[in-house]
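Working notes, structure below.
Since this is a predicted model, take the numbers as computed values, not measurements.
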Amino acid sequence: MKKSEVPQDKSNLESANFRELCYAVDENGEYTTENSTGWDPKTIALNNAIQDIKERIDAAKKRVVANESSPIDYYMEVNKMDLPILASYVGLWQWRVKRHFKPQVFKKLNTKILQKYADVFDITIEQLQDIDKNI
Amino acid sequence: MKIDFTHHQSAHCENGVVSNLLKHKGYQISEPMVFGIGSGLFFVYIPFLKVNHAPVVSFRPMPGIIFKRFAQRVGIKVKRFKFRNESSAEKALEAELQRNNPVGLQVGVYHLSYFPDEYRFHFNAHNLVVYGKEEDTYLISDPVMETTTTLTKKELNRVRFAKGAMAPKGHMYYPVHFPKELQLESAIKKGIKTVCRDMLAPVPYVGVRGMRTIAKLIRKWPEKKGVKVANHYLGQLVRMQEEIGTGGGGFRFIYGAFLQEAAVILKNPKLKELSLEITEIGDSWRDFAIDASRIYKNRSSELDAYNKVADQLVALSNREEVFFKKLKKAI
């Protein structure tokens, strides 16, 4: 890649006022570095990934509203987690977390366990129990 | 307290932290040098494992290995600590800062407040340097950022004790023992040999053979998984190749910069030629990314397009096979 060809496309980096470093060759064939504001092929890939996460969140929301799943399922997706990551954060076995996905089981959880989940998701217990209160 | 520490931006966090810590101690070691001696160039496909709901392909070895190899090869000793709880981790960090010693930390990315939201995901092997503390705020030099930044005590504890795969557990490290002069010549040779060995490894998941395996899979994805999933997989592959930290072209350009420096140190003009060649290969990786992005941009596509990018990947693997054989002979 030539220094003059380092892409300067619009990307999500702009919001954070941040440019990444690329290695490129200058006119004399010597390696040097150049900052890049972004590159379309990766921005598209990233946007697709974000879209994918949004779809997963929406699907989880529907499951919770339909009472097929507990709010933990929804908040897990909101926090871009999966089961192993969530279990590791709350410090419980995966099968226990999975069990808490059942609405009947979730309703009976004690405050101590609920607080653990709330802390991990950075929300209050009220928000944890009612996904409509999530901002 | 604030340690007089110069921040240099780098492409990749691990090399960047090493390079910055060494520059602080007066050794002028560039990022590509750390990357090359640590044999950072790699390709691996890990079957049966999924991250972000896609197959795992990595263009670099396991986090931490580059630094470990680099330190061993040039003769630096590194002291490392892990902690049970936040308070002891905090105490140890503070003690080092009091001693005027900037330290490297392994952290999780998800709770790094200064990262753009879109880039915050559960990845636990990011590296940064802490070089001071003012009241309750730590002064941070994150090598992928353009300038220095800060984290509050609470934020720093949170990222140091991120959970999940490769949890950092407060991991803190700093170089303690230096040889009088860094043994660069032999270290560079070792670094190059390891890369050649790995890239030419006779296993279908590693190096050039790993690329061929992925190419085969790409051809099957649209039929087997459906266009939507196939596009998601392809997008993830391009992200691994080009995301922040690679310096572009799946680390090929950083490696080119390393070979150029190595040619001067070893007085070996052949390496300079090879540097040009890997740069061209890197350009072809970029072309591969562009063509792949055309597929997933439209979120639907004819099967032929997948075959086309798979062909490109096979061509790349063939060129790299030739390249690494030549590189092996050159040293």
Side-chain angles (χ1 to χ4, degrees), chain A residues 1-3 5-7 9 11-26 28-53 55-56 76-77 79-92 119-120 122, chain B residues 9-12 16 31-32 50 52-54 110 114-122 143-146 162-165 167 231-232 234-239 241-245 247-249 253-258 260-261 272 275-276 279 282-283 286 289-294 296-297 299:
Chain A
M1 185 164 50
K2 294 207 176 64
K3 194 176 173 189
E5 290 167 359
V6 171
D9 299 341
S11 80
N12 325 56
L13 291 175
E14 204 173 31
S15 59
N17 217 347
F18 162 37
R19 293 179 305 165
E20 63 170 307
L21 197 74
C22 284
Y23 279 79
V25 182
D26 68 9
N28 308 319
E30 300 292 323
Y31 258 101
T32 174
T33 58
E34 176 74 325
N35 284 97
S36 163
T37 54
W39 192 37
D40 283 341
K42 27 196 255 202
T43 309
I44 301 167
L46 180 62
N47 287 342
N48 283 354
I50 292 167
Q51 188 59 38
D52 197 58
I53 291 168
E55 283 167 17
R56 296 184 67 88
M76 179 180 84
E77 295 294 348
N79 284 276
K80 300 184 201 166
M81 293 176 171
D82 57 16
L83 193 61
I85 295 175
L86 176 58
S88 159
Y89 265 99
V90 286
L92 299 174
D119 287 344
V120 168
D122 230 345
Chain B
Q9 193 188 7
S10 67
H12 187 248
E31 183 198 0
K50 290 230 162 98
N52 287 328
H53 317 283
Y110 188 71
Y114 53 78
F115 257 36
D117 247 359
E118 296 87 346
Y119 287 88
R120 288 171 43 198
F121 57 104
H122 294 276
V144 305
M145 303 295 286
E146 279 186 87
K163 299 279 164 53
N231 285 352
H232 175 63
L234 211 52
Q236 291 296 321
L237 181 62
V238 171
R239 282 183 71 197
Q241 181 194 321
E242 294 296 335
E243 211 41 277
I244 298 167
F253 297 130
I254 301 189
Y255 205 71
F258 159 70
Q260 199 167 61
E261 267 189 64
K272 171 106 191 185
S275 155
L276 292 178
T279 308
D283 288 337
R286 301 282 280 189
I290 293 175
D291 287 337
S293 76
R294 287 213 182 97
Y296 55 69
K297 190 178 176 182
R299 309 204 97 198

Return yes if some donor-acceptor pair links the side-chain N/O of [X] with the main-chain N/O of [Y] below 3.5 Å, else return no.
| X | Y | result |
| --- | --- | --- |
| Glu261(B) | Tyr31(A) | no |
| Glu243(B) | Leu46(A) | no |
| His122(B) | Asn79(A) | yes |
| Lys80(A) | Arg120(B) | yes |
| Tyr296(B) | Pro41(A) | yes |

Which atoms of [X] come close to chain A, meaning under 4.5 Å heavy atom to heavy atom: side chain ones, backbone ones, both, or neither?
| X | value |
| --- | --- |
| Gln260(B) | side chain |
| Asp291(B) | neither |
| Ala162(B) | both |
| Gln236(B) | side chain |

Please flag which part of [X] lies under 4.5 Å from any non-hydrogen atom of chain B: side chain, backbone, both or neither.
| X | answer |
| --- | --- |
| Ile44(A) | both |
| Val120(A) | backbone |
| Glu30(A) | both |

To the nearest 0.5 Å, how far apart are [atom1] in [X] and [atom2] in [Y]?
| X | Y | atom1 | atom2 | result |
| --- | --- | --- | --- | --- |
| Arg294(B) | Asp40(A) | CZ | CG | 11.0 Å |
| Tyr89(A) | Tyr110(B) | OH | OH | 8.5 Å |
| Leu21(A) | Glu146(B) | CG | CD | 8.5 Å |
| Thr43(A) | Arg239(B) | OG1 | CZ | 10.5 Å |

In terms of heavy-atom pairs under 4.5 Å, which option from [options] contacts chain A the most?
| options | answer |
| --- | --- |
| His232(B), Gln241(B), Lys163(B), His53(B) | Lys163(B) |
| Ala54(B), Ala167(B), Ala257(B), Pro116(B) | Ala257(B) |
| Ala289(B), Gly235(B), Gly282(B), Gly256(B) | Gly256(B) |
| Leu237(B), Leu276(B), Ile254(B), Leu234(B) | Ile254(B) |

Taking Asn35(A), Thr32(A), Val6(A), Ile53(A) one by one, which has the highest count of heavy-atom pairs under 4.5 Å against chain B?
Asn35(A)
If every non-hydrogen atom of [X] is compared with every non-hydrogen atom of [Y], which pair is closest and at what distance?
| X | Y | answer |
| --- | --- | --- |
| Phe253(B) | Tyr23(A) | CB-O, 3.6 Å |
| Lys272(B) | Gly29(A) | NZ-O, 4.2 Å |
| Arg19(A) | Gln9(B) | O-NE2, 2.9 Å |
| Asp283(B) | Met1(A) | OD1-N, 2.6 Å |

Is there side-chain contact between Asn231(B) and Asn48(A), with at least one heavy-atom pair below 4.5 Å?
no
